[in-house]
Asks: 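Just dropping this structure here.
Both backbone and side-chain heavy atoms feed into the values below; hydrogens, waters and symmetry mates do not. On a predicted model such as this, the values are computed, not experimentally measured, just so you know. First the proteins, then the strands, lettered A, B, ... as listed; each starts at 1.
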Amino acid sequence: MQAFSDLLERLILTASRNTKVELMVNYFRQTPDPARGWTLAVLTGELDIPGVKGGSIRRLAEDRVDPELFRMSYDYVGDLAETVSLIWPSRRGANRIPPMEDVIEALLGATRPEGERLVAGWLDMLEPPQRWALIKMVTGGLRIGVSARLTKVALAEMGGVEPAEIEEIWHGLAPPNESLFAWLDGDAEKPSPDIKAPFRPVMLAHPLVTKDKRDDPDAIDPAMIDPSIFAAEWKYDGIRVQAVSERGVRRIYTRTGDDISHTFPDVLAAMDFEAAIDGELLIRAPNGEVAPFNELQQRLNRKTVTRKQMEARPAMIRAYDILVEGGEDLRTLPFSERRKRLETFVERTGSDRIDLSPLVPVTSLDALEAARNDPPAPEIEGLMLKRWDSVYEAGRPTGPWWKWKRDPFLVDAVMMYAQRGHGRRSSFHSDFTFGVWREGEDGEDELTPVGKAYFGFTDEELKQLDKFVRENTVDRFGPVRAVTANKEKGLVLEVAFEGLQRSPRHKSGLAMRFPRVNRIRWDKPSAEADRLETLEKMLPADPLFGKSSPA
Amino acid sequence: MAGKTCGQILYGQAMIRPDLLLHPTPKGLYCPPGDFYIDPVRGSVDRAVVTHGHADHARSGHGAVLATPETLAIMDARYGEDFTANRQPIEYGETVEINGVTVWMSPAGHVLGSAQVVVEWKGLRMVCTGDYKRRRDPTCRQFEPVPDTHVFISEATFGLPVFKHPDTDGEIRKLLDSVALFPDRTHLVGVYALGKAQRVIKLLREAGYNETLYIHGALEKLCQLYEDHGVALGPLETATLDTKERGAQERFRGKIVLGPPSSFHDKWGRRFPDPLPCFASGWMSVRQRAKQSGVELPLIISDHADWDELTDTVREVNPEELWITHGREDALVRWAELEGRKARPLRLVGYEDESID
């Protein structure tokens with residue numbers, strides 16, 4: 001428990017992604033089985049201890065501390081595990097730290113009352129940091145800024161393998177994962193679990209970028225492309241998925257290999273085939289078209305889904321590619337062959353839950369350019385270009401596939417609030433809330449916040465922005481500073497974003513996708529920034545949904 | 001039940017309501033018969049009694065200031081020699097009469113010169129702790145409880161049962177372990193300029209760390225003042241940087257730099273190579289709070305009493321009434337209720353938590 005608790009503590013306090021990976025690699029290298037395997041299960045959220053939940057922990061604490069004092073403390077601290085770990089009365093002379101595996105194995109075999117008794121006994125023995133780790137472990141939901149994906153990256157680094165290799169076998173593994181670690185330590189062959197309907201690592205694309213502002217070093221200019229060797233199709237704004245149905249098992253995976261089948265039983269039911277396909281998970285609007293991303297979001301991250309939700313927002317897959325059919329691996333075939341197989345496959349499947357991503361005719365680069373910026377539906381993010389001769393390769397190879405996104409929407413907004421960044425940027429104000437003008441209740445124009453951006457600027461620009469914030473602060477709320485923003489004075493930011501949705505959760509009623517600072521308009525008077533009406537005109541046409549309910 | 005009635009204290013034949021001797025006002029705790037304020041928080045007053053040198057307790061501009069010689073020296077260092085027209089130094093244990101009210105000081109263990117103010121009048125003894133702690137601090141006198149206290153006026157900065165500060169030596173060890181583990185990083189340790197800075201430095205020396213410690217300019221005067229009062233702090237250097245010299249910042253790698261926490265978020269903090277932000281404060285026991293403030297290595301070192309010290313001290317002093325000046329009064333009042341003690345929150349405003357930003 002000690003090493004586990006140290007790891008959790010370090011992870012929660014570390015902002016840098018690389019340092020987090022390093023911490024996990026060190027831990028996995030230094031910790032013996034089976035403790036490290038159980039830790040892996042905790043970090044990836046795959047350990048479920050059924051008996052003891054947050055409510056039990058709270059009750060245990062209130063048996064020992066005045067409930068009123070507990071409430072005041074919980075109000076102050078704001079986190080149950082943290083409150084209980086700190087408030088729990090120490091029993092002098094009882095400190096012994098039980099090994100991780102003892103704790104987990106005992107809990108997995110315990111009934112609810114036994115589980116609670118065990119946890120109370122350990123809380124007596126431990127110091128606050130280990131108590132905190134124990135409660136986090138038992139109740140799940142770590143909230144320490146480490147995703148399952150990042151954990152897999154650490155495993156890959158530990159074993160000197162690709163993350164895709166880990167994802168491929170992930171669903172065939174069970175904690176405490178000894179065979180996985182034996183392989184990563186170099187002591188055994190890669191485990192080959194007999195996974196039904198396994199995940200196949202996904203093929204991704206680098207962007208084509210016209211602007212000189214390129215984040216991705218592998219991005220190239222569209223002019224470099226020879227359109228004659230490429231097929232083109234629309235890039236939809238949904239969730240990239242892999243739908244696999246083999247030997248009676250059906251699964252839907254995200255592109256990082258997370259199994260989201262349980263969230264989409266409506267799609268699962270339609271997967272009456274023997275194949276693995278690559279496609280975009282979308283919601284079909286009542287008019288038969290693709291619904292905005294916001295509608296899909298209503299169905300994501302749910303443990304269970306109701307019939308009503310499925311009826312209101314029916315999910316479907318728009319098929320891009322076919323990887324396996326009838327047990328035959330098609331990934332080594334060129335895209336031209338796979339596309340033919342896919343067309344026949346979709347036709348034969350004959351379900352309205354699975355349709356074919358249409359090809360966009362390629363005549364010239366100019367025509368593509370025009371199509372990219374004027375797609376037939378607002379839910380299209382741009383184009384995908386795929387070489388006709390490309391095989392289906394795991395990862396993000398440079399050359400065979402390109403994504404060519406439509407130009408972003410632009411709006412001139414006024415900086416309203418700034419917050420300090422994290423990690424390397426923690427001494428700079430780097431998170432900016434910006435707003436546009438609208439008529440206030442008193443008839444005077446006022447700024448209404450429409451989004452928050454924390455990238456898009458260079459280091460040099462960040463210094464200038466930070467300087468502006470420090471010199472124009474008018475108020476502070478904790479780490480947030482309000483800056484001068486009125487008709488006479490204020491900093492105009494040209495904000496780029498990918499799309500706009502109505503959102504009842506935001507004060508302005510709008511939510512932007514991927515907003516970032518495109519340009520700092522030092523020259524532009526704040527009074528000339530855009531108005532809310534301008535943004536409202538950018539909203540996609542009403543997708544024929546009723547009022548969307550807040551999540 | 002001699003001695004206790006509702007809201008009053010019976011002492012001998014005389015019945016004196018403690019309110020007559022000290023009561024809260026918007027300017028701070030006021031003593032009508034003595035006509036003085038204890039740690040006045042707002043504006044200037046004719047006569048102030050000051051418990052210790054932190055800025056929210058010791059303000060500049062009062063007509064007369066009664067305080068320990070160390071506290072007066074600290075005020076002088078912070079505000080300049082004109083901070084008051086009339087300095088009235090008083091040693092621990094020495095008594096003075098102010099308009100018939102007896103006042104004396106007992107050590108509070110908070111920072112150098114910190115004192116509990118004892119006020120006596122017509123047989124009634126009231127003790128105002130100012131800020132205090134009970135654990136060992138090599139830079140100041142240990143807290144001494146005052147016996148036969150009728151009304152104990154306590155701070156409650158960490159007045160919640162979640163605040164139980166761990167052993168201080170262990171926290172210093174955590175810092176030294178981290179320095180050994182990351183020899184290429186600069187450990188930036190956030191400390192308050194008065195008290196915490198010198199205590200952390202002294203504790204590092206006691207733990208065997210003899211290398212030069214680098215300090216922010218804001219710490220210089222007070223470190224010198226502690227040295228002048230016999231607290232040896234070892235080799236200190238100001239963490240200045242000759243920006244013309246290339247790679248000058250490299251000399252801070254693997255070193256410990258101390259400064260006020262706010263400075264680390266400022267331009268000053270950017271000069272250090274690969275900084276590892278640490279913060280020595282009682283608030284650091286709450287992980288979420290440490291995380292929000294960007295602290296990677298929280299050091300739970302506090303100059304205030306934690307929950308157990310607060311409640312143990314009340315039991316030890318065993319006053320007839322407990323008054324609570326500032327901090328989280330409600331929880332301590334609730335605790336007193338459960339203990340069958342009489343308690344009253346004063347809700348004095350103007351004293352700061354050890355804030356982060």
Asks: Which atom names give the shortest non-hydrogen contact between B:Pro161 and A:Leu69, and what distance separates them?
Replies: CG-CB, 4.0 Å
Asks: A:Thr83 and B:Val162: which non-hydrogen atoms are nearest, and at how many Å?
Replies: O-CG1, 3.8 Å
Asks: Where does A:Trp132 contact chain B at under 4.5 Å (heavy atoms): side chain, backbone, both or neither?
Replies: side chain
Asks: Does any backbone or side-chain atom of B:Val286 lie under 4.5 Å from a heavy atom of chain A? Answer side chain, backbone, both or neither.
Replies: both
Asks: Working to the nearest 0.5 angstrom, can you tell me the gap between A:Ser73 OG and B:Arg328 CZ?
Replies: 10.5 Å
Asks: Heavy atoms only, distances under 4.5 angstrom: which of B:Lys164, B:Arg287, B:Arg334 has the most pairs with chain A? Name it, please.
Replies: B:Arg287
Asks: Quick one: closest heavy-atom pair of A:Leu13 and B:Ala290, and the distance?
Replies: CD2-CB, 4.0 Å
Asks: I'd like to check B:Leu160 versus A:Leu86 (side-chain heavy atoms, cut-off strictly below 4.5 Å). Are they in contact?
Replies: no
Asks: Report the option among A:Lys463, A:Glu9, A:Glu82 that has the most heavy-atom pairs separated by less than 4.5 Å from atoms of chain B.
Replies: A:Glu82
Asks: Nearest 0.5 Å, what's the CG-CZ distance between B:Leu297 and A:Arg10?
Replies: 8.0 Å
Asks: To the nearest 0.5 Å, tell me how far B:Trp335 CH2 sits from A:Asp66 CG.
Replies: 12.5 Å
